[in-house]
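Notes follow the structure.
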Amino acid sequence: MSTIYDAAIEFQKLLGFEYKLVFGYKGNSVEVPLRFYEDKFFHLSGLQYLSDISKIEDAANTTDAFNKIIGKEITHQDLVVGARFKEKNLQDRIDRVADLSRLLNSAIFDKNVTQVYKYNKNANPNSDIIGNFIIKNFAPDKRTEYFILCKNMYDPDKYFGISIFSRDLSNKKQKDFAIGHTQNTLLYVSRTPLTKDKQLDKNKEVVLFRLPSYSVPTNSNINVVKFTSLSRKNGGILVAPHPTLGQALANLINGLAEKIKTGVEERRQELRKVKQENDAFKDAIAERDEQLAEKNDEIANLKKECADLSDQLKKHKQLVTTAAKPTRSFSQNLDDFAKRVRAENTAKPQSKTDQMHKTDKRR
């Protein structure tokens, strides 16, 4: 773990150089002269998030804050108590700034661990970073770090580092920040010391990396190299010996292989993007299926409620029908009773007469 002082010291070493990066895409190339400025350390390290730290607020400006860190007037311990130090993961940013010298002078030239991208502001809509290029590097601590380059509005021919951070891509919750940006090919890198008045000391320009298939422009102070890697010094400048036919063929093959590799990588990027879109589509379908299942459950419940209501309605109808049947009134029942009584009374005298006749006959 690096302190803010460690990061400032390493950053200070970069102030005296300009790095010329050349990126290529589909046969075209762009030069990116990268410089480092004292006032840019403040934002690169994320100190803008520590407005609750009085020593940061008391600094006259960002350059003054940098000088106070170098002079140990602002210490790492002053920063870690900040309310947003952990929230914004500033320790990681400080570690990455401290690692910049290694990144630019060694790791960036290993294509197995470093890639470059043209920045696409629409690729990360939730990010407020404004940049032009991304250097993506697989750091020794197995995290993936991103160094964002931005054109200097006060010196349009130069670029500076505007943000640096890392992510753990083994954690599925952390997305690769480079997805959606256009991958370029790193063609060339050189480092040139600056004079006291910040001019390039071109006689001391050193080539750090050159893709075998890339030829240095004729207006460069570096000798044009067509086939072989740079191997020996001449007046402080790395140059290449005249290649043999075998070397020329080997490097030509390497150049073709590099182009094929670049094309394959671009295709892989496209396939990864398509896969992400397919995954998103599958998730949308799964969500839709879940919603349909919920709707089906609601429909089943409604059908059951309708059936219950139908049964209740049927019972109510039966009750109403029973209640609607006509009933005999009391007076009707009384009339019927009276009729029966009269009929019985009428029948009784006849029975007595018959009995009297039977008695007379016996006599």
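- For D64 (side chain) and A59 (main-chain N/O), no donor-acceptor pair under 3.5 Å exists by modelled atom type.
- Relative ring orientation between F177 and Y119 is described as tilted, the plane-to-plane angle lying within the 30° to 60° band.
- Note on L47: it clusters hydrophobically with V81, by side-chain heavy-atom contacts below 4.5 Å among ILVMFWY residues.
- The residues K339 and D335 are annotated as not salt-bridged, no charged nitrogen and carboxylate oxygen being separated by less than 4.0 angstrom.
- A side-chain contact (heavy atoms from CB on, under 4.5 Å) with F147 holds for exactly one of L44, I134, T114; it is L44.
- R96 and D92 are joined by a salt bridge, as a carboxylate oxygen and a charged side-chain nitrogen come within less than 4.0 angstrom of each other.
- Rounding to the nearest 0.5 Å gives a distance of 9.0 Å between CZ of R84 and CG of L50.
- A side-chain contact (heavy atoms from CB on, under 4.5 Å) with E145 is found for exactly one of D95, N137, I135, L100, namely N137.
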Give the intermediate values and the outcome of side chain to side chain contact (heavy atoms under 4.5 Å, CB included) for residues E73 and K55.
CA-CA 8 Å; E73 296 178 54; K55 288 186 178 181; over 6 Å; no

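- Ion pairing of E205 with K202 is absent here, as no side-chain N (NZ or NE/NH1/NH2) approaches a carboxylate O to less than 4.0 Å.
- Chaining together hydrophobic side chains whose heavy atoms lie under 4.5 Å apart places Y154 alongside M153.
- Here K20 contributes atom NZ and L208 contributes atom CG; the two are 11.5 Å apart, rounded to the nearest 0.5 Å.
- N152 has its side chain within reach of Y37: a pair of non-hydrogen atoms, C-beta onward, lies under 4.5 Å apart.
- Note that R210 lies outside the cation-pi zone of Y188, set by a 6.0 Å cut-off to the ring centre and a 45° limit from the axis.
- No donor-acceptor distance shorter than 3.5 angstrom exists from the side chain of D78 to the backbone of I74, with no hydrogens or angles considered.
- You'll find the side chain of I94 stays beyond 4.5 Å of the side chain of T3, heavy atoms only.
- K40 and G161 get closest at one heavy-atom pair: CB-O, 4.5 Å.
- Listed here is the closest heavy atom pair of L187 and S29: CD1-CB, 3.8 Å.
- Counting heavy atoms from C-beta on, the side chains of V22 and Y214 come closer than 4.5 Å.
- Proximity of R102 to D99: side-chain heavy atoms (C-beta onward) are separated by under 4.5 Å at one or more points.
- The neighbour count for I130 CD1, taken as heavy atoms of other residues, nucleotides or ligands under 6.0 Å away, does not exceed 12.
- What you find for R93 and Y49 is that their closest heavy atoms are NH1-CE1, 3.6 Å.
- Placement of L200 and Y159 in two distinct hydrophobic clusters is found when ILVMFWY residues are connected by side-chain heavy-atom separations under 4.5 Å, directly or transitively.
- With a 6.0 Å radius and a threshold of 12 heavy atoms from other residues, nucleotides or ligands, E290 has its CD atom at or below the threshold.
- Listed by chain and number, the residues in a side chain to side chain donor-acceptor pair (under 3.5 Å) with K118 amount to none (sequence neighbours excluded).
- Residues that satisfy the side chain to side chain contact (heavy atoms under 4.5 Å, CB included) test with Q174, not counting sequence neighbours, are R143, R167, D168, N171.
- Considering CG of L309 and NZ of K304, their distance stands at 10.5 Å, rounded to 0.5 Å.
- With Y146 as the aromatic partner, K136 does not meet the cation-pi criteria of under 6.0 angstrom to the ring centre and within 45 degrees of the ring axis.
- Side-chain contact between I53 and E57: absent, with no pair of heavy atoms (C-beta onward) separated by less than 4.5 Å.
- Hydrophobic clustering places L149 together with L103 (ILVMFWY residues linked when any side-chain heavy atoms are closer than 4.5 Å, directly or through intermediates).
- When all heavy atoms of F42 and A65 are compared, the pair lying nearest together is CD1-CB, 3.8 Å.
- Counting non-hydrogen atoms of neighbouring residues, nucleotides and ligands closer than 6.0 angstrom, the CD atom of E87 exceeds 12 such neighbours.
- For the pair D311 and K314, the salt-bridge criterion is not met [side-chain N within less than 4.0 Å of a carboxylate O].
- Taking the six-membered ring for Trp and the full ring otherwise, F23 and F133 have centroids separated by under 6.0 Å.
- Rounded to the nearest 0.5 angstrom, L21 CG and L104 CG are separated by 7.5 Å.
- Rounded to the nearest 0.5 Å, atoms OG1 (T144) and CD (Q115) are 9.0 Å apart.
- One hydrophobic cluster, built from ILVMFWY side chains closer than 4.5 Å, cannot hold both L194 and V206; they sit in different ones.
- Taking SG from C150 and CD1 from I129, the interatomic distance works out to 10.5 Å, rounded to the nearest 0.5 Å.
- Judged purely by atom type and a 3.5 angstrom limit, T195 uses its side chain to pair as donor or acceptor with the backbone of Q199.
- Using cut-offs of 30° and 60° for the angle between ring planes, the F11 and F36 rings count as perpendicular.
- Between I4 and F41, the closest side-chain pair of non-hydrogen atoms falls below 4.5 Å.
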Given F209 and L186, is the side chain to side chain contact (heavy atoms under 4.5 Å, CB included) satisfied, shown in steps?
CA-CA 9 Å; F209 170 81; L186 182 64; 3.9 Å; yes

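- T62 and D39 get closest at one heavy-atom pair: OG1-CB, 3.2 Å.
- The minimum heavy-atom distance between L34 and F160, with the atom names listed, is CD1-CA, 3.7 Å.
- For K158, the NZ atom sits in a packed shell: over 12 heavy atoms of surrounding residues, nucleotides or ligands are nearer than 6.0 Å.
- Between H181 and the options N124, D176, N120, a side chain to side chain donor-acceptor pair (under 3.5 Å) holds for only N124.
- With contacts defined as side-chain heavy-atom distances shorter than 4.5 Å, the pair H76/Y5 does not qualify.
- When the side chains of ILVMFWY residues are joined at heavy-atom separations under 4.5 Å, either directly or via intervening members, Y117 and Y25 end up in two distinct hydrophobic clusters.
- Each of K198, R191, R35 was checked for a side chain to side chain donor-acceptor pair (under 3.5 Å) with E18, and the lone residue meeting it is R35.
- No side-chain heavy atom of E10 sits under 4.5 Å from any side-chain heavy atom of V97.
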